[in-house]
Amino acid sequence: MPLLTPLSADTTPELANDFALFERILGFVPNSLLTMQRVPAMVTGFGALTKAVMDPNGEVDPGFKRILAHFCSRAAGCQYCEAHSLIAAELHDVPHQKVQALWQYQTSPLYSEAERVALDFALAAGSVPNGVDEPLMAKLRQHWSEVQIVEILGAISLYGFLNRWNDSMATQIEAPALAMGQEVLAQGGWDGGKHNRQ
């Protein structure tokens, strides 16, 4: 059961544009923001950070940033964000076959060596304690520019906030995210956890 019940999206009319941004990203307004709107400035601030981090004109593919978000969420154990990030990845042109091959990323031809290193980094960065070490940083620098590394860590850190928010809030997972989790993630033990309880 969630710590706080999400409020209706029309509770705070001045957040309509912020909610529209997330509707474009996910196809729906997430319950996390419907809960967060009790402090409207947090939704606005989070929306601004999301736009900056997930800028489609950045050097790292926006769909791949969502895959990075999935990996750090997996490391953190946030089942809500694990499913959400995959919906967002597909809405940002990551092919379904690549999403389905997530956990074969080390051997799947759908993932490049640069992507493999970045995903290893996301797993290490999303872990507690943090698992990023010098050898991993050196490998990352072999494949990605400094600007790209900032974008990669930005996506990981953005979801770090969401992982803490949603797991602490026990945010109720929405039907599209639940369906994604059941189709793609259940084979790895995903069941929605605390996010899939009424």
Side-chain angles (χ1 to χ4, degrees), residues 25-28 30 32 53-54 58 60-133 135-144 148-149 151-167 170-197:
I25 291 171
L26 287 169
F28 56 90
S32 53
V53 168
M54 298 300 189
V60 178
D61 177 75
F64 185 64
K65 288 179 183 177
R66 274 61 183 206
I67 300 292
L68 291 163
H70 173 79
F71 273 64
C72 72
S73 298
R74 179 72 172 218
C78 181
Q79 293 194 42
Y80 182 88
C81 292
E82 284 181 60
H84 274 232
S85 56
L86 296 187
I87 288 175
E90 288 195 356
L91 288 174
H92 289 84
D93 302 320
V94 174
H96 191 62
Q97 297 88 339
K98 190 168 184 171
V99 169
Q100 290 178 311
L102 274 175
W103 291 101
Q104 291 80 47
Y105 77 101
Q106 286 290 2
T107 56
S108 171
L110 298 173
Y111 288 89
S112 70
E113 186 58 28
E115 289 174 327
R116 291 183 184 110
V117 169
L119 294 173
D120 288 344
F121 180 77
L123 281 173
S127 298
V128 177
N130 188 291
V132 175
D133 58 17
L136 183 52
M137 288 190 281
K139 285 168 71 174
L140 194 67
R141 285 192 291 265
Q142 289 173 6
H143 294 279
W144 301 91
Q148 290 169 330
I149 289 170
E151 290 187 22
I152 287 167
L153 189 52
I156 293 165
S157 299
L158 180 74
Y159 268 74
F161 172 84
L162 288 173
N163 296 159
R164 296 292 176 259
W165 180 272
N166 289 304
D167 258 355
T171 306
Q172 184 71 31
I173 196 163
E174 305 82 2
L178 181 61
M180 174 64 80
Q182 289 170 335
E183 179 195 351
V184 175
L185 301 174
Q187 61 192 343
W190 188 97
D191 62 6
K194 66 174 79 174
H195 309 287
N196 193 24
R197 298 188 186 112

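Residue numbers count from 1 along this sequence. Since we're looking at a predicted model, the values are computed, not measured. Hydrogens, waters and symmetry mates play no part in the numbers below; they use all other heavy atoms, side chains included.
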inquiry  = Taking S108's backbone N and O only, do any of them form a donor-acceptor pair with R116's side chain (distance below 3.5 Å, no angle check)?
reply    = yes

task = Please confirm whether the backbone N or O of V53 pairs with a side-chain atom of K65, one donor and one acceptor, at under 3.5 Å?
result = yes

query = Quick one: salt bridge (Lys or Arg N to Asp or Glu O under 4.0 Å) pairs with a partner in residues 84-111, sequence neighbours left out?
reply = K98-E115

ask   = Does anything in residues 102-111 pair up under salt bridge (Lys or Arg N to Asp or Glu O under 4.0 Å), and if so which pairs, sequence neighbours excluded?
value = none

key: side-chain contact (heavy atoms from CB on, under 4.5 Å) between Y159 and E82, intermediate numbers included   = CA-CA 10 Å; Y159 268 74; E82 284 181 60; over 6 Å; no

Minimum heavy-atom distance [X]-[Y], with the two atoms named:
X: C81; Y: S73; value: CB-OG, 3.3 Å
X: L136; Y: V117; value: CD1-O, 4.3 Å
X: N166; Y: S32; value: OD1-CB, 3.0 Å
X: N163; Y: A76; value: OD1-CB, 3.4 Å
X: G77; Y: D167; value: O-OD2, 3.4 Å
X: M54; Y: L158; value: CE-CD2, 4.0 Å

State, with a plain yes or no, whether a side-chain heavy atom of [X] is found less than 4.5 Å away from one of [Y].
X: I156; Y: F71; value: no
X: L119; Y: I67; value: yes
X: V60; Y: W144; value: yes
X: I25; Y: L91; value: no

task = Kindly determine whether M180 and L185 satisfy side-chain contact (heavy atoms from CB on, under 4.5 Å), including the steps that lead there.
result = CA-CA 7 Å; M180 174 64 80; L185 301 174; 5.7 Å; no

task = Would you kindly say whether H96 and E183 are connected by a side-chain donor-acceptor distance under 3.5 Å?
result = yes

inquiry  = For Q106 and D120, which I'm curious about, is there any donor-acceptor pair between the side chains at under 3.5 Å?
reply    = yes

If I take atom [atom1] from residue [X] and atom [atom2] from residue [Y], how far apart are they, to the nearest 0.5 angstrom?
X: I152; Y: L68; atom1: CD1; atom2: CG; answer: 6.0 Å
X: Q79; Y: T171; atom1: CD; atom2: OG1; answer: 13.0 Å
X: L162; Y: R164; atom1: CG; atom2: CZ; answer: 11.5 Å
X: L102; Y: H70; atom1: CG; atom2: NE2; answer: 4.5 Å
X: Q104; Y: L110; atom1: CD; atom2: CG; answer: 9.5 Å

request  = Taking side chain to side chain donor-acceptor pair (under 3.5 Å) as the test, write out the residues that go with R66, two or more places apart.
outcome  = none

Candidate list K194, E174, H195, test side chain to side chain donor-acceptor pair (under 3.5 Å), partner Y80, passing option = E174

request  = Kindly determine whether W103 and Q187 satisfy side-chain contact (heavy atoms from CB on, under 4.5 Å), including the steps that lead there.
outcome  = CA-CA 10 Å; W103 291 101; Q187 61 192 343; over 6 Å; no

message = Walk me through whether F121 and L153 qualify under side-chain contact (heavy atoms from CB on, under 4.5 Å).
response = CA-CA 9 Å; F121 180 77; L153 189 52; 4.0 Å; yes

inquiry  = Over 60° means perpendicular and under 30° means parallel, so tell me whether Y105 and Y111 are parallel, tilted or perpendicular.
reply    = perpendicular

